[in-house]
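Encoded as structure tokens, the structure appears first; notes follow it.
Order of listing sets the numbers, starting from 1, for every ligand and every atom in it.
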Amino acid sequence: MHSRIIGTGSYLPAKTLTNLDLEKIVDTSHDWIVSRSGIHERHIAAEGEMTSDLALHASRRAIEAAGVSADAIDLIIVATTSPDKMFPSTACILQDKLGIKNCGAAFDMQAVCGGFVYALNTADLYIRGGQAKTALVVGAEVLTRMLDWNDRTTCVLFGDGAGAVVLQASKTPGIIASKLHADGRHQGMLKADGIIHHGEVQGDPFIKMDGQAVFKFAVKVLSEVVEEVLEENKLLGSDIDWLIPHQANIRIMEATAKKLGLSMDNVIVTVATHGNTSAASIPLALDTAVRDGRIKAGQNILLEAVGGGFTWGAVLIRW
Ligand code: UT7
């Protein structure tokens, strides 16, 4: 048994924040942000708009595209680092909003920007193990609520959004291979330390990042993991039709494409208008390229991501 993506969907909040808007609130410039990251604008969730709301819109679109009934879904995984509440999980809240009464399992996956590849791999294993038939896998974030708008080293980089896929049991792959990694020794490079303790926030609740260290680490481990997946499956970079990287920085994406010998024409890039939406960035980019017709049946698609933890991984898909 294999698993195959049979529908995709995504959602971006209505409000956008441009680099020019940011120039008015923090000491930065459009030119700096574009030259260092490739970002022009990002979407910001409205007051009261929760991760599960973004996930709901994306999920409905994915379910509609898949042509299945919501009740057919027997596994929900939401990759998020900005859940609605401490508990219950955003996945259970999403399940309720979708009106799915009985589901095999529903849970959140917390691997920061690596979350979607972790979640997709997990859903694939559930399906291949016979424990689920139709999985809803979502990446959804309102990470901008964890930003210190006085910290120009982080606040210009992130955006909100959600992307979803419906993954179904299939006789043919589908998902060909996944490779995940984690190394907690690097936990301090990208973090939000704050916790709730006796009803009070304790520690710094804002995102802190050693940008240069993350940049170097990302280029290294992403190049390694994409080569690892290709080698194990006896494929070359030239066999990949579309590389869909986590959308954090155009320069990191260019470095990985170069390592694979791929032209940027084979890379799906949405960072300019989405910013870094953490776990949502890959399913947002995937849905964009599915809907505009770039991704076609029979093509080889390679997803890759790296995020706080550190976590990283790649998923190889035959569309
Ligand atoms: O999603 C998880 C993965 N996250 C990432 O992949 C992010 C990885 N890191 C990066 O993308 C890049 O490191 C950044 C885009 C965050 C920063 O780019 P950089 O080329 O590494 O810049 P830098 O941190 O070395 O900073 C260069 C200069 C510094 O000034 P000095 O010390 O040279 O005078 C910074 O203070 O740019 C300054 N700077 C800014 N200037 C204007 C930092 N942030 C800003 C800003 N606007 N927003």
Under 3.5 Å, N or O to N or O, is Ser29 touching ligand 1 that way? no
Considering the heavy atoms of Asn276, write down every atom of ligand 1 situated less than 4.0 Å from one of them. 1 (O), 2 (C)
Which protein non-hydrogen atom lies closest to atom 47 (N) of ligand 1, naming both residue and atom, and how far is it? Thr28 OG1, 2.6 Å
Could you see which bit of Ile252 sits under 4.0 Å from ligand 1, with heavy atoms only: side chain, backbone, both or neither? side chain
Salt bridge Arg60-Glu64, side-chain N to carboxylate O under 4.0 Å: no
Gly211, any N or O under 3.5 Å of ligand 1 N or O: yes
Residue Cys113 vicinity, atoms of ligand 1 by number, heavy atom under 4.0 Å: 1 (O), 2 (C)
Please state which part of Leu157 comes within less than 4.0 Å of ligand 1, counting heavy atoms only: side chain, backbone, both or neither. side chain
So OG of Ser281 and CD of Gln247: to nearest 0.5 Å the spacing works out to 5.0 Å
Atoms of ligand 1 under 4.0 Å from any heavy atom of Asn249, numbered from 1 in the order shown, are 10 (C), 11 (O), 12 (C), 15 (C)
Tell me yes or no: between the side chains of Asp84 and Ser52, is some donor less than 3.5 Å from an acceptor? yes
Tightest non-hydrogen contact, residues Leu75 and Phe107, listed as CD1-CE2, 4.0 Å
Can a protein heavy atom be found under 4.0 Å away from atom 31 (P) of ligand 1? no
Could you find the nearest protein heavy atom to atom 18 (O) of ligand 1 and give me its residue, atom name and distance? Arg251 NH2, 3.6 Å
Ignoring angles and geometry beyond distance, decide whether Trp32 reaches within less than 3.5 Å of ligand 1 through its nitrogen or oxygen atoms. yes
Measure Ala218 to ligand 1 on non-hydrogen atoms and call it side chain, backbone, both or neither using the 4.0 Å cut-off. neither
Val26 touching ligand 1 at heavy-atom level, < 4.0 angstrom: no
The closest protein heavy-atom partner of atom 4 (N) of ligand 1 is Val214 CG1, 3.5 Å
hydrophobic_cluster_shared for Leu222 and Trp242, side chain cutoff 4.5 Å: no
Would you mind listing which atoms of ligand 1 come within a distance below 4.0 Å of any non-hydrogen atom of Val156? 48 (N)
Under 4.0 angstrom from ligand 1, any heavy atom of Leu190? yes
When rounded to the nearest 0.5 angstrom, what is the spacing between CG in Asn150 and CG in Asp27? 11.5 Å
Only one of Asn276, Thr18, Asn19 passes side-chain hydrogen bond (donor to acceptor under 3.5 Å, both in side chains) with Arg42; say which it is. Asn19
Ala248 heavy atoms, cut-off 4.0 Å: which ligand 1 atoms fall inside? 1 (O), 5 (C), 6 (O)
What are the atoms of ligand 1, with element, lying closer than 4.0 Å to any heavy atom of Gln212? 13 (O), 21 (O), 23 (P), 25 (O)
So which heavy atom in the protein is nearest atom 19 (P) of ligand 1, and how far is it from that ligand atom? Arg36 NH1, 3.7 Å
Please work out which of the three classes, parallel, tilted or perpendicular, describes the rings of His186 and Phe217, given edges at 30° and 60°. tilted
Give a yes or no on whether atom 43 (C) of ligand 1 lies under 4.0 Å from any heavy atom of the protein. yes
Between Lys15 and Asp160, does any NZ, NE, NH1 or NH2 come within less than 4.0 Å of an OD or OE carboxylate oxygen? no
Glu228 and His181: side chain donor to acceptor below 3.5 Å: yes
Hey, quick one: are Val221 and Tyr118 part of the same hydrophobic cluster, counting side-chain heavy atoms closer than 4.5 Å, chains of contacts allowed? no
Give the cluster check for Leu284 versus Val166: same hydrophobic cluster or not, with ILVMFWY residues linked at side-chain heavy-atom distances below 4.5 Å. no
Quick test of your reading of the structure: of Glu23, His246, Arg152, whose heavy atom lies closest to atom 36 (O) of ligand 1? Arg152
Rounded to the nearest 0.5 Å, what separates atom OG1 in Thr28 from atom CD in Glu23? 7.0 Å
Less than 4.0 Å from atom 1 (O) of ligand 1, is there any heavy atom belonging to the protein? yes
